[in-house]
Amino acid sequence: MLKFMRDHLGGTVLFIVVGLISLVFVLWGVFPESKYGRSMGLGGDVAVIGGEHITSKELRESMDRDVQQYRALGMELPPELMEQVKAGTLQRLVQQKLMLVEARRLGVQASEQEVRETIQKLPYFQNPDTKKFDKDVYLKLLAANSMSPGEFEQKVRDDLTNERLRSFLEGRIRVTPAEVEREYRITNETRNLEFARFSKDDAIKKMAVAPKEVDAFLADKNKEVQVTSFYAGNNARYNKQEQVCARHILKRFSAGGENEQAAPKAFTDLNPTAANFAKLAEKNSDDPGSKAKGGDLECFPRGMMDNAFEATAFSTTVGKISAPVKSKFGWHYIYVYKKTEPVSIALDKVKRDIAEELIKRERIEEIRKINMASGEEAMKHWPAKGVDSTGPFNGLEGMIPKIGRADEIMRAAFDPKAAIQRGPQLFEAQGGVIVARIKEKKSADMAKLAQEKDKQLQTLKERKLRAFLPAWMEDVRKRTKISVNAGFGGGEM
């Protein structure tokens with residue numbers, strides 16, 4: 001359900017919202033508007049998938065969240081990429097609806113009774129005095145997040161249904177004792193590599209380009225388009241938003257409660273300083289997301305937090321602590337420990353630099369030769385400068401920590417005859433060269449299989465389910481009618 005809260009309450013002070021209403025379900029099956037999730041005033045459908053509807057509001061909010069994720073990474077998407085984002089968001093929503101269609105066919109939909117029984121156990125909508133569900137608290141909290149009871153209940157029902165469907169499918173996965181033993185052996189046989197990486201960027205730094213080559217490159221109109229595209233695709237390198245890095249201590253309050261208008265005395269008496277702020281946050285903050293990290297929210301740009309919280313954070317001087325500030329979700333102390341100024345470099349100022357880099361990137365064979373020479377030199381003088389360690393990994397993970405997907409290295413790591421077992425071996429991988437050798441190897445302790453059998457069984461079931469789902473979903477898609485509104489491509493998918 002934490003994923004549900006992220007998906008449907010957005011990024012605004014998510015660290016506070018999660019602490020306030022994580023694992024929230026809605027009780028209001030009695031609301032007529034929410035019974036079928038259709039009388040919500042959502043402004044029409046984008047698509048209908050076997051009777052399940054994707055509304056324009058649902059697509060807009062999902063797309064906004066996807067765009068915010070790019071912006072959180074410092075990326076501003078150019079207009080031509082926004083349509084691609086929209087298409088990707090729509091495809092993801094279609095997948096979600098297909099799951100609901102299949103759940104309906106299999107008869108594993110969540111019932112109103114399940115929703116009611118779940119909500120009655122949750123503390124966040126309860127009156128602090130009676131310890132019972134409080135309708136007013138519920139309505140105010142939803143209103144603060146711009147959601148109607150009908151919307152919220154339908155989203156929760158869908159989430160519960162997907163959980164039931166997954167359990168239904170997982171219960172039909174068959175696993176033999178021999179498979180469990182093999183899985184345990186492979187999972188617990190690990191390798192740890194030490195490695196040195198020589199990337200394309202490393203080689204490019206060693207290359208030289210004459211000014212006249214840059215002039216000729218920029219004189220070609222087709223090449224000029226490449227420069228513009230490179231600038232747009234690497235926008236975060238040249239244009240960065242102002243960011244603030246902060247810690248906070250949160251004290252929640254109940255809507256309409258005595259602490260809503262003024263911070264409680266116990267909170268104002270904390271008197272945090274730069275020296276003790278982290279310890280006070282660990283002990284006193286009501287934000288579970290940052291509490292263990294001493295209240296650290298790390299760095300964030302404008303537009304990511306509650307308005308009042310953000311305004312205070314950006315106006316507080318580095319090294320200072322704000323007075324108690326009230327957001328929609330509680331009272332905060334905010335300690336600002338760093339700020340980064342915005343960066344804005346015009347294309348004209350970096351055009352020649354980009355052209356030079358593009359010229360270098362076209363010299364694929366030269367890049368390869370430089371990296372091969374670097375790798376061979378590293379093998380002669382091992383351990384090489386800048387050598388790193390992957391940490392333990394097994395043969396099932398597919399990805400090697402700190403390296404990524406590198407099938408040849410993975411096979412060699414578990415092949416007793418491979419050169420990597422005895423010393424450094426050179427691989428062409430990840431678009432560059434990696435030199436690696438076995439630092440540590442560990443075999444599975446089969447004597448412990450009995451006590452780990454149930455856990456291993458569950459892990460294997462989940463892995464089989466992940467492998468099964470893509471083909472199954474494709475089958476569901478083929479037998480489901482998917483109609484898309486003309487304004488979003490039209491026709492049937």
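Index from 1, following the sequence.
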### Query
Between atom CG of L396 and atom OG1 of T187, what is the distance when rounded to the nearest 0.5 Å?
4.5 Å

### Query
How long is the span from the CD1 atom in I367 to the CZ atom in R361, to the nearest 0.5 Å?
7.5 Å

### Task
Would you check if R166 and L469 make a side-chain contact, meaning some heavy-atom pair closer than 4.5 Å?
yes

### Message
Under a 4.0 Å threshold between the charged nitrogen and the carboxylate oxygen, would R437 count as salt-bridged to E194?
### Response
yes

### Query
Yes or no on salt bridge (Lys or Arg N to Asp or Glu O under 4.0 Å) for R368 and E365, after CA distance, side-chain angles and deciding distance?
CA-CA 5 Å; R368 179 178 180 274; E365 188 55 33; 3.7 Å; yes

### Message
Between the side chains of E179 and R185, is the shortest nitrogen-to-carboxylate-oxygen separation below 4.0 Å, so that they form an ion pair?
### Response
no

### Message
For E357, is there an ion pair with K360 - N to carboxylate O distance below 4.0 angstrom?
### Response
no

### Query
Any donor-acceptor pair under 3.5 Å linking the side chain of D45 with the backbone of V48?
no

### Query
Shortest non-hydrogen contact from G375 to L426?
C-CD1, 3.7 Å

### Quiz item: cation-pi between R172 and F168, 6.0 Å / 45°
yes

### K206 side chain near S374 side chain, heavy-atom distance below 4.5 Å
yes

### Query
Taking the side chain from D287 and the backbone from G289, do they hold a donor-acceptor pair closer than 3.5 Å?
yes

#### Entry: Separation of I434 CD1 from Q425 CD (nearest 0.5 Å)
12.0 Å

### Message
Side chains of E462 and Q458: any donor to acceptor distance under 3.5 Å?
### Response
yes

### Task
Given salt bridge (Lys or Arg N to Asp or Glu O under 4.0 Å), test E183 with R463 step by step and report yes or no.
CA-CA 10 Å; E183 181 89 358; R463 194 164 65 83; 2.5 Å; yes

### Task
Mind checking the OG1-CG spacing from T390 to N192? Nearest 0.5 Å is all I need.
4.5 Å

### Query
Are the charged groups of R411 and E408 less than 4.0 angstrom apart, N to O?
no

### Query
Would you call R92 and D66 a salt bridge, taking side-chain N to carboxylate O under 4.0 Å as the test?
yes

### Task
Using a strict cut-off of less than 4.0 Å between a Lys/Arg side-chain nitrogen and an Asp/Glu carboxylate oxygen, indicate whether K464 and E170 qualify as a salt bridge.
no

### Task
Taking only Lys NZ, Arg NE, NH1 and NH2, and the carboxylate oxygens of Asp or Glu, determine whether R157 and D159 approach each other closer than 4.0 Å.
no

### Query
Should K453 and E181 count as an ion pair when the cut-off is N to O under 4.0 Å?
no

### Electrostatic pair D475-R479, nearest N-O below 4.0 angstrom
yes

### Message
We want to know whether N239 and Y231 form a side-chain donor-acceptor pair, criterion being a heavy-atom distance below 3.5 angstrom.
### Response
yes

### Task
Look up atom NE2 in H381 and atom CD in E376, then write down how far apart they are to the nearest 0.5 Å.
12.5 Å

### Message
Any side-chain to backbone donor/acceptor pair from Q430 onto G404? Under 3.5 Å, distance only.
### Response
no

### Message
Quick one about S167 and R164 (side-chain donor to acceptor, distance below 3.5 Å, no hydrogens or angles considered), yes or no?
### Response
no

### Task
Apply the test salt bridge (Lys or Arg N to Asp or Glu O under 4.0 Å) to residues E366 and K369: give CA-CA distance (whole Å), side-chain angles for both, the deciding distance (0.1 Å), then the verdict.
CA-CA 5 Å; E366 185 178 351; K369 287 181 178 178; over 6 Å; no

## Note on the structure
Taking every heavy atom of L193 against every heavy atom of A436, the minimum-distance pair comes out as CD1-CB, 4.4 Å

### Query
Do NZ/NE/NH1/NH2 and the carboxylate oxygens of K441 and E189 come within less than 4.0 Å?
no

### Message
Donor-acceptor pair, distance only, cut-off 3.5 Å: does the side chain of R247 make one with the backbone of G294?
### Response
yes

### Query
Do Q421 side-chain atoms and A413 backbone N/O form a donor-acceptor pair below 3.5 Å?
yes

### Distance, nearest 0.5 Å, that separates CD of E428 from CD1 of I409
11.0 Å

### Task
Keeping the roles fixed (side chain from S199, backbone from G432), state whether a donor-acceptor pair exists under 3.5 Å.
no

### Message
Check the orientation of H332 and F309. Use parallel for under 30°, tilted for 30 to 60°, and perpendicular for over 60°.
### Response
perpendicular

#### Entry: More than 12 heavy atoms from other groups under 6.0 Å of CZ on R422
yes

### Task
With salt bridge (Lys or Arg N to Asp or Glu O under 4.0 Å) as the test, would you mind laying out the steps for E58 and K155 before giving the verdict?
CA-CA 10 Å; E58 188 174 7; K155 292 176 190 296; 5.1 Å; no

### Task
Tell me yes or no: between the side chains of H248 and S285, is some donor less than 3.5 Å from an acceptor?
no

